[in-house]
There are 4 protein chains.
Amino acid sequence: MSNETKQCILNSALKVFSENNYHAASMAMIAKEAGVSKGTLYWHFDSKEELFREIVLSGLDYFNQKFINIAEEEISSEEKIYKIINFGVTTLIENSQMGDILRNNVQLVSEDFQKRIEIKHRESVEIFKQIIEQGIKEKSIKKLNPRKTAVMMLTALFTSNSEWLIDQTPDSKQQVEFIYSFLMDGISRKEN
Amino acid sequence: MSNETKQCILNSALKVFSENNYHAASMAMIAKEAGVSKGTLYWHFDSKEELFREIVLSGLDYFNQKFINIAEEEISSEEKIYKIINFGVTTLIENSQMGDILRNNVQLVSEDFQKRIEIKHRESVEIFKQIIEQGIKEKSIKKLNPRKTAVMMLTALFTSNSEWLIDQTPDSKQQVEFIYSFLMDGISRKEN
Amino acid sequence: MSNETKQCILNSALKVFSENNYHAASMAMIAKEAGVSKGTLYWHFDSKEELFREIVLSGLDYFNQKFINIAEEEISSEEKIYKIINFGVTTLIENSQMGDILRNNVQLVSEDFQKRIEIKHRESVEIFKQIIEQGIKEKSIKKLNPRKTAVMMLTALFTSNSEWLIDQTPDSKQQVEFIYSFLMDGISRKEN
Amino acid sequence: MSNETKQCILNSALKVFSENNYHAASMAMIAKEAGVSKGTLYWHFDSKEELFREIVLSGLDYFNQKFINIAEEEISSEEKIYKIINFGVTTLIENSQMGDILRNNVQLVSEDFQKRIEIKHRESVEIFKQIIEQGIKEKSIKKLNPRKTAVMMLTALFTSNSEWLIDQTPDSKQQVEFIYSFLMDGISRKEN
DNA sequence: CATGAATGAGAATTCATTCAT
DNA sequence: TATGAATGAATTCTCATTCAT
């Protein structure tokens, strides 16, 4: 069945792209990893860029969909932020390859494609912004520039699984608490 | 004169690498940008990687040296953090190419080189960690894991000039205030 | 069909290497001679050196195998020597390119490869040495150092088709007689 | 003084060419070995080929001159042959670099140059041929084709110092005896 | 005389892509 | 659908040669 092969190629490409970056990864590597010939890659995907596109955009869509779901729940903005961090950290730990790809490959492709990625990013930022604005309205969040705040939040999230932040084995609960606390309260000690 | 040419090549390479990423940038592009022949590149640098190395390591050294200078001043940890953010934001705005290179090219080269970059990174983190620990002793900073906190601080700094965070023309003062406030106090509004 | 192409490349490489020496011969020349693209060369062979290796080692193997066959026949050492010279001279005349390659290219490649060639050479020398020793036992050959004698024999053989030794059109029978006589009896006239 | 530099370059080139073959040897290597700049090489020699030419032709001239001197002595052909072998073996052992160059580099250069080398070779062969003819007249040498015999003699001589023929430390006296005996009497045992 | 710097043609090799089977 | 073979443009790097100082 064609679809099995296609999925197998996508999985292999995910692995190869996460380990090698867009230009260093070759179609030959992906074909070998998938156990198919290079010709087969081109039967399923028009080009290397299209294959990469499929992976990145579907990954970003996956995140955005979850962000939207959480944003639409009838809960406080603080709860939403906690849930988003929890989802983000857990997903990136389980699925570290996607994080690697998003962190390292984004501006390595055609401008056309970059624009589509940027749009997805803006969608994420927009969702976060709305949550921030909800928090400001609820008086649980400070009146900082909501867009900038949203960007910092997104950055903190995607940094959460970088090798720099992890001591040894990633403990997702601890990680979530750390990011949430860092994001909400900052690092200064306010005594009263 | 040799040194002028070398510096000209470094500048051109800085530009080309920042716009194109390590693999997409070619020696031909750098040569053309510098107005010299490809052979001249190889007279001054042994290889493409060495040219890249020179740029990245000297950039990281520049940052680290400033971080050390600030860390050694006889001032409170809060002042140090403010100064570091101020320096970082200003430098990255003035010199946005370096930020692009550091953000996008780091894991594209030989393992040997990656290790040297990692060492420089660890040096930065170590400096920040000591400032955090000073703050904890001075009771102006919360008892969070100092290393993780240092990593988040470094990340916030290097994100500060990403295209996502900037509206239009970058206003460094505003940017510094935002990052400092975000880092110190987080986003939640604590009223009492 | 793949195998035809591969053989065609080998033939073309044989020609180009024999006319040009390892460093002067370029992959572009071989590709042009074979009527394929440079990329095709690399589909069939990993590198220039591997292509050269294939030619040289298979050539040496061909000689060694024949030498072994002759050495194992149940005939006198003198007959063996005659047969070897006959085979060598004939083959080198028919296949003069191989002789050119073996004479001129041997020490132009990686040390690793040189060692493999040396081993083949030693095999030839060893076979000849045993024939010499057989002749000494049979009292038809003088008690000279058998290894040195074997080397001289090999040299005489491979020189046999050098341009220096041939007047015009090579007449193999005459050539064989000359080499055999030279080898067995030397040049001095012993009258008694 | 210019001449010292020129001689120093020639010595360095001799070394580099003997270790590396014409195409693998680079002007940079020769310059480094001589401790001068590449520019200096081009002040003293017009091109790489001219530098090589100087070495090879002067080497061949040196041999030819000695061969002529020996040929002109008023001694028997057998004595001449012994003296030539003695001179050749000794010189090649003492000066193994020249042998390496002559053995390995000859057909790697321009046709024009090859012709000049060929002429020198023919001169050697001619000298040897005359000695052989003298021997035939003196009835001490068999009536073999004198030219071919001369070529084999030359070959035996230049093979004498190849790594294949030498056990460990070259012992010139033994070597001379072996070559002379091989050349004069061949390997077969003639009992009478 | 000597040099360091610069040049550019050409080398080996890689790789996305195509296509007959 | 799938493959192996073929392509050719692009890439890094080398090296003989030139030349102002």
Side-chain angles (χ1 to χ4, degrees), chain A residues 1-6 9 22-31 34-52, chain B residues 1-6 9 23-31 34-51, chain C residues 1-6 9 23-31 34-51, chain D residues 1-6 9 22-31 34-52:
Chain A
M1 193 113 322
S2 153
N3 232 38
E4 281 171 31
T5 307
K6 185 163 182 173
I9 291 172
Y22 183 73
H23 282 98
S26 75
M27 291 301 257
M29 290 164 84
I30 296 168
V36 299
S37 74
K38 271 194 283 177
T40 304
L41 258 48
Y42 281 88
W43 197 93
H44 289 282
F45 301 92
D46 283 351
S47 68
K48 184 184 176 182
E49 180 158 327
E50 206 217 84
L51 178 50
F52 186 59
Chain B
M1 199 120 313
S2 160
N3 235 36
E4 283 169 31
T5 307
K6 185 164 184 172
I9 291 172
H23 283 101
S26 77
M27 292 301 256
M29 289 163 83
I30 296 169
V36 298
S37 73
K38 272 186 287 173
T40 304
L41 261 46
Y42 285 88
W43 171 261
H44 290 280
F45 302 91
D46 283 349
S47 66
K48 184 182 177 184
E49 181 157 327
E50 206 218 83
L51 177 50
Chain C
M1 200 118 314
S2 158
N3 235 37
E4 284 170 31
T5 307
K6 185 164 183 173
I9 291 172
H23 283 101
S26 77
M27 292 301 258
M29 290 164 82
I30 296 169
V36 299
S37 74
K38 271 188 287 173
T40 304
L41 261 46
Y42 284 88
W43 171 259
H44 291 280
F45 302 92
D46 283 349
S47 66
K48 184 183 177 184
E49 180 158 327
E50 206 218 83
L51 177 51
Chain D
M1 195 116 320
S2 156
N3 231 37
E4 283 171 32
T5 307
K6 186 165 183 172
I9 291 172
Y22 184 73
H23 282 99
S26 75
M27 292 301 257
M29 290 163 83
I30 296 169
V36 300
S37 74
K38 270 193 287 176
T40 305
L41 258 49
Y42 281 88
W43 198 91
H44 289 280
F45 302 91
D46 283 350
S47 67
K48 185 184 176 182
E49 180 158 326
E50 206 217 83
L51 179 48
F52 186 58

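Just so you know, these numbers use all the heavy atoms, side chains as well, and skip hydrogens, waters and symmetry mates. Just so it is clear: chains get the letters A, B, ... in the order the sequence lines come, proteins before strands, and each one is counted from 1.
D:Met27 CE to D:Lys38 NZ: the interatomic distance, rounded to the nearest 0.5 Å, is 9.0 Å. Atom CH2 of C:Trp43 and atom OG1 of C:Thr5 lie 11.5 Å apart (nearest 0.5 Å). How far CD of A:Glu49 is from OH of A:Tyr22: 4.5 Å, rounded to the nearest 0.5 Å.
Checking the phosphate oxygens (OP1, OP2) of E:dT3, a side-chain nitrogen or oxygen of D:Thr40 falls inside 4.0 Å. Remark: B:Thr5 is in phosphate contact with E:dA6, judged by side-chain N or O atoms under 4.0 Å from OP1 or OP2. For D:His44, a side-chain nitrogen or oxygen approaches OP1 or OP2 of E:dA2 to under 4.0 Å. Here C:Tyr42 does not reach the OP1 or OP2 of E:dT14: none of its side-chain N or O atoms lies under 4.0 Å away. OP1 or OP2 of F:dT1 has not a single side-chain nitrogen or oxygen of A:Trp43 nearer than 4.0 Å.
For the pair D:Leu41 CG and E:dC1 P, the interatomic distance rounds to 15 Å; values are reported in whole Å. Here F:dA9 presents its P atom at 20 Å from CE of A:Met27, a figure rounded to the nearest Å. Regarding D:His23, its NE2 atom lies at a distance of 9 Å from the P atom of F:dA16, rounded to whole Å. Remark: P of F:dT1 and CD of A:Glu4 are 11 Å apart, rounded to the nearest angstrom. Put simply, CZ on D:Phe45 is 12 Å from P on E:dA2, counting in whole angstrom units. The distance between atom OH of A:Tyr22 and atom P of E:dA16, rounded to the nearest whole Å, is 8 Å. In this structure, C:Met29 atom CE and E:dA11 atom P are separated by 8 Å, rounded to whole Å. With rounding to whole Å, C:Asn3 atom CG is found 13 Å from F:dG4 atom C1'.
Residue contacts for B:Ser26: at a heavy-atom cut-off of 4.0 Å it reaches the sugar-phosphate backbone alone, with no base atom in range. Across all strands, B:Ala25 comes closer than 4.0 Å only to sugar-phosphate atoms, never to a base (heavy-atom distances).
On a pure distance criterion of 3.5 Å, a polar donor-acceptor pair joins the side chain of A:Lys38 and the base of E:dT17.
In terms of heavy-atom proximity, B:Ile9 sits nearest to B:Ile30 at O-CG2, 4.3 Å. Across every non-hydrogen atom of D:Glu50 and D:Phe45, the tightest pair is OE1-CD2, 3.5 Å. The minimum heavy-atom distance linking A:Ala31 with A:Ser37 is given by the pair CB-C, 3.9 Å.
Of the residues near DNA chain F, C:Gly35 and B:Asp46, the one whose nearest nucleotide (by heavy atom distance) lies more toward the 5' end is C:Gly35. DNA chain E is contacted by both D:Ser37 and C:Gly39; D:Ser37 maps to the nucleotide lying nearer its 5′ end (nearest heavy atom per residue).
Comparing F:dG4, F:dC13, E:dA12 against the side chain of C:Lys48 picks out E:dA12 as the nearest.
In a base pair of the Watson-Crick type (N1 to N3 plus N6-O4 or O6-N4) or a G-U wobble (N1-O2 and O6-N3), with each distance short of 3.5 Å, F:dT7 is matched with E:dA16. Look at E:dT21: its Watson-Crick or wobble partner, with both distances under 3.5 angstrom, is F:dA2.
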